[in-house]
Number of protein chains: 2
Amino acid sequence: MDQAQQRYHHGDLRSALLHAATKRIDEHGVDSLSLRKLAEDVGVSRSAPYHHFADKNGLLSAIAAEGFRQWHHTARTIFEQQTLAPSARFRQFIHEYVGYAADHPQLYELMFGRILWQAQSATDDLKAVAYPCFQFQVEMTRYWQESGLLPAGPEPLRLAQVTWGTLHGIARLLIDGIYADRSHIEQMCDTAAQLFMQASANHE
Amino acid sequence: MDQAQQRYHHGDLRSALLHAATKRIDEHGVDSLSLRKLAEDVGVSRSAPYHHFADKNGLLSAIAAEGFRQWHHTARTIFEQQTLAPSARFRQFIHEYVGYAADHPQLYELMFGRILWQAQSATDDLKAVAYPCFQFQVEMTRYWQESGLLPAGPEPLRLAQVTWGTLHGIARLLIDGIYADRSHIEQMCDTAAQLFMQASANHE
DNA sequence: CTTTAAATCTTGACAGTGTCAACATAGCCT
DNA sequence: AGGCTATGTTGACACTGTCAAGATTTAAAG
């Protein structure tokens, strides 16, 4: 009764679970997360989490949502650095995106992976945070098109899908360890940036 | 004893398992595959598969390997169509790649997903088939560079990682249903192809 | 205050899963 | 014919997510 962890009511179980789960995922990957072990770690019975999350997907969605909030903030910060030239910001964005994925591979996997997005397992709550994040990618692309950095021809949405797809693809090849490793990151990003910017150069 | 499925020795259990598993994956996804159900479907006890595959990963690796063989063949066929102009073949390759992923999302997920490639779960057998497939991507890229279709600047490997990354990324956004769906495929591929080819155009 | 309702947590249980050890059967080779 | 090896079976273990029923604490209402 005196020890906080042995009270019948934990007090702040929801955030305790989120915290512990986030740590676990970051260190050992999404697949290693077991609700039962998690509950035990937090010092609570195995079905207590169900009073705070509908199911395992609910927990995962909440963690992913937090990731999207953080990334959205980071992206906006880079994009709004008015002191830097658009091209410099573009390059920085690319490096930052891939760097973020490489630094938090497990979280990235959760945020953009099949677990949550396949079969409609994503919570409405998660969608509410993620979609504006996707939308922002399109806004940036439109801006870079208007700045003459990217080709003006394609629709912003279409082009955003391709440029974002490129970053996403590079990130996944890295994370999954497919024919690319961390020592290639900088060169890959530079190559990608150069490729995109060259594409618009001959249309001026 | 008269019925083939009730014999003590199945006769060709290995390929029966592969066949049933491939079908199951194609229709319901990798996650839905259970060794026990699979064994039951084939009409065999739950631990019989272990005499043909080291573990579940062994089975999955074998299926993925077959996928790589098929894809490698398809890719080579497209690439070696000497009658078509390099640019046409390039475009066709892009469409075919994304199309293949969209047509066999579950198999693509298995072939290039984290299940097999993370944590060294890929069999040596699988690696032996997959790596030449990756390598071929680099060879094609080198050829397209020499043809003036892609920028000559970057190293083939680096550029291949980026172009392949783009296709891989687009495929995954599609498969995972992230801000892109099948109706966008053609336009996305065209945009990507145009983007890459424009990049080299102003260096002639 | 006291009573009632809601939020929270616990134990018991169920249907799954992959995997292994020990045992049974069939086919092949000497 | 005998024995080795490949193949298949049952029993068991340690997990997993999830739910129902009951216990306990807190908050709200009378």
Side-chain angles (χ1 to χ4, degrees), chain A residues 1-21 24-25 28-64 110 114-116 118-123, chain B residues 1-21 24-25 28-64 110 114-116 118-123:
Chain A
M1 215 184 274
D2 30 15
Q3 280 199 321
Q5 294 164 351
Q6 292 184 0
R7 285 191 312 234
Y8 190 91
H9 281 82
H10 180 284
D12 200 7
L13 181 56
R14 191 190 148 92
S15 60
L17 286 170
L18 282 175
H19 190 263
R24 172 93 203 163
I25 288 175
H28 301 93
V30 198
D31 298 317
S32 83
L33 186 79
S34 142
L35 278 192
R36 296 174 96 112
K37 279 182 187 165
L38 189 67
E40 198 176 7
D41 284 0
V42 176
V44 98
S45 96
R46 58 190 176 280
S47 71
Y50 287 87
H51 290 270
H52 300 272
F53 303 97
D55 53 8
K56 196 178 182 181
N57 268 327
L59 211 190
L60 296 179
S61 289
I63 293 174
L110 177 62
R114 152 190 60 110
I115 305 179
L116 292 178
Q118 212 178 37
Q120 282 86 12
S121 19
T123 307
Chain B
M1 213 182 277
D2 30 14
Q3 281 200 319
Q5 295 163 351
Q6 292 184 0
R7 286 192 312 235
Y8 192 92
H9 282 81
H10 180 284
D12 200 6
L13 182 55
R14 190 190 147 93
S15 61
L17 286 170
L18 282 175
H19 190 263
R24 171 92 203 162
I25 288 175
H28 300 93
V30 199
D31 297 318
S32 84
L33 186 80
S34 142
L35 278 192
R36 297 174 96 114
K37 279 182 187 165
L38 188 67
E40 198 176 6
D41 283 2
V42 177
V44 98
S45 93
R46 59 190 176 279
S47 70
Y50 286 88
H51 291 272
H52 300 273
F53 303 97
D55 53 10
K56 195 177 183 181
N57 268 327
L59 210 191
L60 295 179
S61 289
I63 293 174
L110 177 61
R114 152 190 60 110
I115 303 178
L116 293 178
Q118 212 179 37
Q120 282 87 16
S121 19
T123 306

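Lettering follows sequence order; numbering is per chain, from 1.
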_Looking at B:Ser34, I'd like to know whether one of its side-chain N or O atoms comes within less than 4.0 Å of OP1 or OP2 on C:dG18._
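Indeed, a polar side-chain atom of B:Ser34 lies that close.
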
*asked:* With a cut-off of less than 4.0 Å, is there a side-chain N or O of A:Lys37 near OP1 or OP2 of D:dT16?
replied: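 Yes.
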
Would you kindly give the [atom1]-to-[atom2] distance between [X] and [N], to the nearest whole Å?
{"X": "B:Lys56", "N": "C:dG18", "atom1": "NZ", "atom2": "C1'", "result": "8 Å"}
{"X": "A:Glu40", "N": "D:dC15", "atom1": "CD", "atom2": "P", "result": "10 Å"}
{"X": "B:Leu60", "N": "C:dT17", "atom1": "CG", "atom2": "P", "result": "15 Å"}
{"X": "B:Asp12", "N": "D:dG8", "atom1": "CG", "atom2": "P", "result": "10 Å"}
{"X": "A:Leu35", "N": "D:dC19", "atom1": "CG", "atom2": "C1'", "result": "13 Å"}
{"X": "A:Asp55", "N": "D:dA20", "atom1": "CG", "atom2": "P", "result": "14 Å"}

*For DNA chain D, the residues among residues 45-54 of chain B that have a non-hydrogen atom under 4.0 Å from it*: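 The stretch gives B:Ser45, B:Arg46, B:Ser47, B:Ala48, B:His51, B:His52 as the residues lying under 4.0 Å from the strand, ordered by number.
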
So which atom in [X] and which in [Y] form the shortest heavy-atom distance, rounded to 0.1 Å?
{"X": "B:Pro49", "Y": "B:Ser45", "value": "CD-O, 3.6 Å"}
{"X": "B:Ser121", "Y": "B:Ile115", "value": "OG-O, 3.0 Å"}
{"X": "A:Tyr50", "Y": "A:Asp55", "value": "CE2-CA, 4.1 Å"}
{"X": "B:Arg14", "Y": "B:Ala62", "value": "NH2-CB, 4.4 Å"}
{"X": "B:Arg114", "Y": "A:Asp31", "value": "NH1-OD2, 2.6 Å"}
{"X": "A:Ala21", "Y": "A:Leu38", "value": "N-CD1, 3.6 Å"}

*With a non-hydrogen cut-off below 4.0 angstrom, is A:Leu38 in contact with a base, only sugar-phosphate, or nothing?*
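Answer is nothing: A:Leu38 stays at 4.0 Å or more from every strand.
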
*Across the strands shown, which category fits A:Leu59 at heavy-atom distances under 4.0 angstrom: base, sugar-phosphate, nothing?*
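Touches nothing.
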
_With hydrogens left out and only the distance checked, is there a donor-acceptor pair under 3.5 Å joining B:Arg36's side chain and the base of C:dG18?_
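In this structure, the two groups form a donor-acceptor pair.
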
*Mind running side chain to side chain contact (heavy atoms under 4.5 Å, CB included) on A:Leu18 and A:Phe53 for me, showing each step along the way?*
CA-CA 10 Å; A:Leu18 282 175; A:Phe53 303 97; 3.9 Å; yes

